[in-house]
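Here's the structure, in structure tokens; my notes come after.
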Amino acid sequence: MEVDYEFRNWEELIPDALGLIFKNLTLDETLTVIPRVCKSWGRVVAGPYCWQEINIVEWSKCQSPQTIDRMLRMLVTRSSGSPHKLCVSGALNDQSFSFIADHAKSLRTLKLPRIAVSDLIVEQVAAKLSTITSLDLSYCKTIGAPALEAIGKHCKHLTKLRRCMYGWELDKDPQDKEGFAIAASMPKLKHLELRFMRISTEPVLQILLSCPELHLLNVVGCYSVKIDEKFVKNFSGLNVVGPEGSGWDDCSTFSVSSSYLDWDLMGVIHNEVEYDDFEEDMLDEAWEDGLGMEDGEAFGFYDGFYRDNGGFDWPPSP
């Protein structure tokens, strides 16, 4: 018995569907392999369909700041200013941050660990980031309380904030002002990570009193914080991680009085909080020079990679 098979031309898939498929590929595959398959796929990659979520954290760890900035600008431009998630790690400067605010006004999730921006630029452009609900400004040493106040003032829907620091910098200046800024301007927070921040008990207590919807507070490594267990029990649904321990080895709902791993809390973290938010704790700051690239050409980012590794015999586009 003969079976009739219906062969479908992948070229004819609508761009939105192709964009969803291409999201599962790596950055280099999306930028260099897909455009060489056929012209229609190349047009999809060049348009906004693949770039509603831009995550180049892993790629940016081994690139120079200049290369990161150029890639960021290219991808945000391709998104037509409509990404709702942007994640990039590196020494982005004030100009880069201003570019994000001007050209990505629909953002809901913004992760910018290790950037080097000033309080002044954050104060100037925070109003353009009013749609953000989740923000990561961990390991950013050049901002302080003024930047957090501006974000809290303009980002009224912010429910998740990560402001973690390096554990080996506990002898630096205290950051209590940042804690008070969070308490004063971010009342809708539900998830707050302050790992290894140089913060004392008073601003943390103020945060607990000012953020009634808070269900997870991570103060691992904040060794100056002393909170009474009975006080914490006054807040229904609140889980406190720290201040003692290193993050994974010593998590508890209130680790001041217990060093055992609370698996119920780990279930909360697994089900309600993205695991990757806990993984960027103590990464190497060292930068390596990135591969060169040609202006306006995505292939320039990876030409060196394919040349050094033999490349692939890709057929010409039809």
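Just so it is clear, the values below take in all heavy atoms, side chains as well, and ignore hydrogens, waters and symmetry mates.
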Please check if any side-chain donor atom of R114 sits under 3.5 Å from a side-chain acceptor atom of Y166, or the reverse. yes
Is any side-chain heavy atom of [X] less than 4.5 Å from a side-chain heavy atom of [Y]?
{"X": "Q124", "Y": "D94", "result": "no"}
{"X": "P83", "Y": "W51", "result": "no"}
{"X": "L86", "Y": "L72", "result": "yes"}
{"X": "L214", "Y": "F235", "result": "no"}
{"X": "F22", "Y": "W41", "result": "yes"}

Return the set of residues passing side chain to side chain contact (heavy atoms under 4.5 Å, CB included) with [X] (not counting sequence neighbours), or none when no residue passes.
{"X": "Q95", "value": "R73, N93"}
{"X": "P187", "value": "none"}
{"X": "A183", "value": "Q206, I207, S210"}
{"X": "D176", "value": "F180, I199, S200, P203"}

With sequence neighbours excluded, tell me which residues meet side chain to side chain donor-acceptor pair (under 3.5 Å) with [X].
{"X": "S106", "answer": "none"}
{"X": "E58", "answer": "K61"}
{"X": "Q52", "answer": "S82"}
{"X": "Q175", "answer": "E178"}

Name all residues meeting the ring pair (Phe, Tyr, Trp, His ring centres under 6.0 Å) criterion together with F99; count only those two or more places apart in sequence or in a different chain, and write none if there are none.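 Checked F99 against ring pair (Phe, Tyr, Trp, His ring centres under 6.0 Å); matches are H103.
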Residues at least two apart in sequence or cross-chain that pass ring pair (Phe, Tyr, Trp, His ring centres under 6.0 Å) with H154, listed by chain then number, are none
Please name all residues satisfying salt bridge (charged side-chain N to carboxylate O under 4.0 Å, His left out) with D102, sequence neighbours left out, ordered by chain then number.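 Partners of D102 under the salt bridge (charged side-chain N to carboxylate O under 4.0 Å, His left out) test: K128.
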According to salt bridge (charged side-chain N to carboxylate O under 4.0 Å, His left out), who are the partners of E202, at least two apart in sequence or on a separate chain? none
Name the residue from L112, D136, V57 that meets the side chain to side chain contact (heavy atoms under 4.5 Å, CB included) definition with S89.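 Among the candidates, only V57 passes.
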V204 and its side chain to side chain contact (heavy atoms under 4.5 Å, CB included) partner, picked from L192, L217, I182, L209: L217
